Amino acid sequence: MMNNEHMAAVDVTQLLWKLEEQLDAAFATSGELAAALPRARMAARLPAIAGQQAFELVSQAMMAIGAARGHTVQGHRVLEKVGRTIGYDADYGDTRPKPDFMPSASIKTAADTGHLRVAA
């Protein structure tokens, strides 16, 4: 029989997997939509300005999903530590070791937009 802490950890593990899967699916769908927009514009023989605002907004949504995924990954690591603290050492869906990863300083993130300029 499972104790309350173990049952809670199992529930959290299952919800974490579900969230990660849903974020991956949303990111994939947003990518498909972003790719479809310019193809649809070209197929309809519309000028480049047609749908530009929608394309920009879909792109922003995609970046937000990517950021949410990153936060979820960070939360995943925290939950693994909490689980070990209470004696629940779950693999959270992946038994391979997870290296500490920090993006290199040369990689620009969504927050690093100071280098962008508007061209007229």
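Quick caveat: nothing in here was measured; it's all calculated off a predicted structure. The analysis underlying the following values was restricted to heavy atoms, covering all of them including side chains, and did not include hydrogens, waters or symmetry mates. Residue numbers run from 1 in the order of the sequence given.
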Check: Do the side-chain N and O atoms of E56 and Q52 include a donor-acceptor pair separated by under 3.5 angstrom?
Finding: yes
Checklist line | Which atom of P38 lies closest to which atom of A35, heavy atoms considered | finding: CD-O, 3.4 Å
Next item on the list: List, by chain and number, the other hydrophobic cluster members for L57, where Ile, Leu, Val, Met, Phe, Trp and Tyr join if side-chain heavy atoms come within less than 4.5 Å, directly or indirectly.
Entry: none
Checklist line | Closest approach of F55 to A34 (non-hydrogen atoms, all atoms of both residues) | finding: CE1-O, 3.3 Å
Note to self: Rounded at 0.5 Å granularity, tell me how far CD in E21 sits from CG in L16.
What the structure shows: 10.0 Å
Next item on the list: Drop me the distance from E32's CD to F27's CZ, to the nearest 0.5 angstrom.
Entry: 11.5 Å
Checklist line | For I65 against L23, the heavy-atom pair lying closest together | finding: CG2-O, 3.7 Å
Notebook entry, point to check: Looking at side-chain heavy atoms only, is the closest gap between T13 and L79 below 4.5 Å?
Noted result: no
Notebook entry, point to check: For the residue pair R41 and P47, what are the closest heavy atoms and their distance?
Noted result: CD-O, 3.2 Å
Note to self: Which residues pass the side chain to side chain donor-acceptor pair (under 3.5 Å) test with R69, not counting sequence neighbours?
What the structure shows: D24
